[in-house]
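Just the heavy atoms: all of them, side chains too, but no hydrogens, waters or symmetry mates, feed the values below.
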Amino acid sequence: MNKEHELGAPPADTGAQAWETIYQADDAGWDLGEASPALMHLINDKLLPEPPQTVLVPGCGTGHDALAFAKAGYECIAMDFAPSAIAAAKKRAEDSVFTCIEADALAADNGVADDSVDIIFEHTFFCALQPSQREAYAVALARMIKTHGEVWALSMRTKFTNRQPYDSTPEEYVALMEAHGFTCIEQTAMEPWSHQRRKGRETLVQLQYQGR
Ligand SMILES: C[S@@+](CC[C@H](N)C(=O)[O-])C[C@H]1O[C@@H](n2cnc3c(N)ncnc32)[C@H](O)[C@@H]1O
């Protein structure tokens, strides 16, 4: 497997088939083989709202982050539209410790009800979308999250503006989300906790949804 794939060839487009092709080729270089170390810091240091809470992980890939939430006592929903990714996540879920949904996270009929999720955890999903999909991303998250629910997003800087992983600043992310009913609670540089390959590039953005 080419573990540096995220700095190598991008998928031809951002549709499900493009991602599926990469998973089938065992070339998902973004897959850390473990939950995000930054997420483990949030869980281990009890910085997230205490369980039981419903957590959605959109663009979950093979489910490492979802498993970490489930093990910590959260009701976790892992969502991805690449069939091989969700199949791997299902295997990881084993005794159904978390729910796996194969669906387009941006679609209104993705299987997650309106106003039903307490926490949305975002890790390498926003940067996987084309910039033209960002409005739809914000609309989708605002639809699924409860009023006063929270988005915990690892905003990541990258080298790329014309292919994934697309670069964005934490400020751009906050501005987008604030235009859709969220307020920013805090931004935290994750350098001490980030994975080696992402050091200095990840900022935790914590947002609360104020309702429609
Ligand atoms: C860069 S990968 C990151 C996966 C995972 N978060 C991780 O860190 O291992 C982006 C993931 O988002 C998924 N994805 C992209 N667009 C999606 C969409 N509209 N709905 C659901 N999943 C999507 C891809 O299939 C892929 O698994």
Side-chain angles (χ1 to χ4, degrees), residues 1-40 55-71 74 76-112 117 120-137 140-141 144 153-168 194-198 201-202:
M1 181 190 294
N2 171 15
K3 278 292 179 189
E4 293 306 319
H5 174 83
E6 71 177 12
L7 301 178
D13 61 51
T14 50
Q17 187 53 52
W19 293 97
E20 174 62 12
T21 301
I22 294 174
Y23 282 110
Q24 285 188 10
D26 194 19
D27 197 22
W30 54 80
D31 191 320
L32 299 176
E34 60 182 353
S36 156
L39 171 61
M40 293 316 298
V55 179
L56 171 68
V57 183
C60 65
T62 64
H64 299 290
D65 295 336
L67 182 62
F69 275 112
K71 281 184 171 171
Y74 294 90
C76 191
I77 302 167
M79 180 177 289
D80 204 290
F81 65 8
S84 293
I86 277 295
K90 276 185 183 155
K91 209 167 164 193
R92 216 177 289 294
E94 289 177 342
D95 300 325
S96 301
V97 289
F98 60 87
T99 303
C100 298
I101 302 180
E102 182 186 322
D104 181 345
L106 309 188
D109 60 352
N110 64 16
V112 175
V117 174
I120 297 177
F121 176 72
E122 145 74 48
H123 167 220
T124 55
F125 177 52
F126 186 73
C127 65
L129 301 173
Q130 290 187 6
S132 62
Q133 295 178 290
R134 289 178 181 175
E135 284 292 322
Y137 165 97
L141 268 53
M144 295 183 281
L154 287 176
S155 173
M156 188 171 74
R157 298 305 308 266
T158 82
K159 295 179 185 172
F160 306 110
T161 54
N162 60 350
R163 46 150 285 193
Q164 74 83 28
Y166 286 97
D167 184 45
S168 65
S194 286
H195 188 274
Q196 189 64 22
R197 283 165 30 203
R198 299 183 182 155
R201 299 200 283 139
E202 287 183 321

TODO: For side-chain contact (heavy atoms from CB on, under 4.5 Å), just list the numbers for C60 and I86, CA-CA rounded to whole Å, side-chain angles, deciding distance to a tenth of an Å, and then say yes or no.
DONE: CA-CA 8 Å; C60 65; I86 277 295; 4.0 Å; yes
TODO: Please step through side-chain contact (heavy atoms from CB on, under 4.5 Å) for the pair N110 and D104, ending with a clear verdict.
DONE: CA-CA 6 Å; N110 64 16; D104 181 345; 5.7 Å; no
TODO: Measure up the F125 and Y137 rings against each other and bin them: parallel (under 30°), tilted (30 to 60°), perpendicular (over 60°).
DONE: tilted
Open item on the list: Show, in sequence, the C-alpha distance, side-chain angles and deciding distance for V97 and L67, and conclude whether the side-chain contact (heavy atoms from CB on, under 4.5 Å) test is met.
Closed with: CA-CA 8 Å; V97 289; L67 182 62; 4.0 Å; yes
- [ ] Return the minimal non-hydrogen interatomic distance between R197 and G29, and the atom names on each side.
- [x] NH2-O, 2.6 Å
TODO: Please lay out, stage by stage, how Y166 and L129 fare under the test side-chain contact (heavy atoms from CB on, under 4.5 Å).
DONE: CA-CA 7 Å; Y166 286 97; L129 301 173; over 6 Å; no
Task: Pairwise distance CG(L32) to NE2(H195) - rounded to 0.5 angstrom - done: 4.5 Å
TODO: Answer whether the closest heavy-atom distance between the side chains of W30 and R198 falls below 4.5 Å.
DONE: yes
Open item on the list: If I compare all heavy atoms of A89 with all of F98, which pair ends up nearest, and what's the gap?
Closed with: O-CZ, 3.5 Å
Task: Distance-only polar pair, side chains of T62 and R92, donor-acceptor under 3.5 Å - done: yes
Open item on the list: Test your reading of the model: is there a side-chain donor-acceptor pair from R201 to the backbone of R157, 3.5 Å cut-off?
Closed with: yes
Task: F126 CZ to L141 CG distance, which is reported to the nearest 0.5 Å - done: 10.0 Å
Task: Distance in Å, S84 OG paired with I22 CD1, rounded so as to fall on 0.5 Å steps - done: 11.5 Å
TODO: Taking the side chain as every heavy atom from C-beta outward, state whether L39 and H64 have any pair of such atoms under 4.5 Å apart.
DONE: no
Open item on the list: So which atom in A85 and which in E20 form the shortest heavy-atom distance, rounded to 0.1 Å?
Closed with: N-OE1, 4.5 Å
TODO: Could you pull out the closest heavy-atom pair between A82 and W19, with the gap in Å?
DONE: CB-CB, 4.2 Å
- [ ] Drop me the distance from I120's CD1 to M144's CE, to the nearest 0.5 angstrom.
- [x] 5.0 Å
TODO: Measure across A103 and M79 and return the closest heavy-atom pair with its distance rounded to 0.1 Å.
DONE: O-CG, 3.7 Å
Open item on the list: Using 0.5 Å steps for rounding, measure from the CD atom of E122 to the CG atom of L56.
Closed with: 10.5 Å
Task: Point-to-point distance, once rounded to the nearest 0.5 Å, from CE of M156 to CD of E202 - done: 7.0 Å
Task: Any side-chain heavy-atom pair of C76 and V57 under 4.5 Å - done: yes
TODO: Check C127 against Q164 and note the closest heavy-atom contact, atom names and distance.
DONE: O-CB, 3.7 Å
Open item on the list: Using modelled atom types and a 3.5 Å cut-off, is there a donor and acceptor pairing between side-chain atoms of D31 and backbone atoms of G61?
Closed with: no
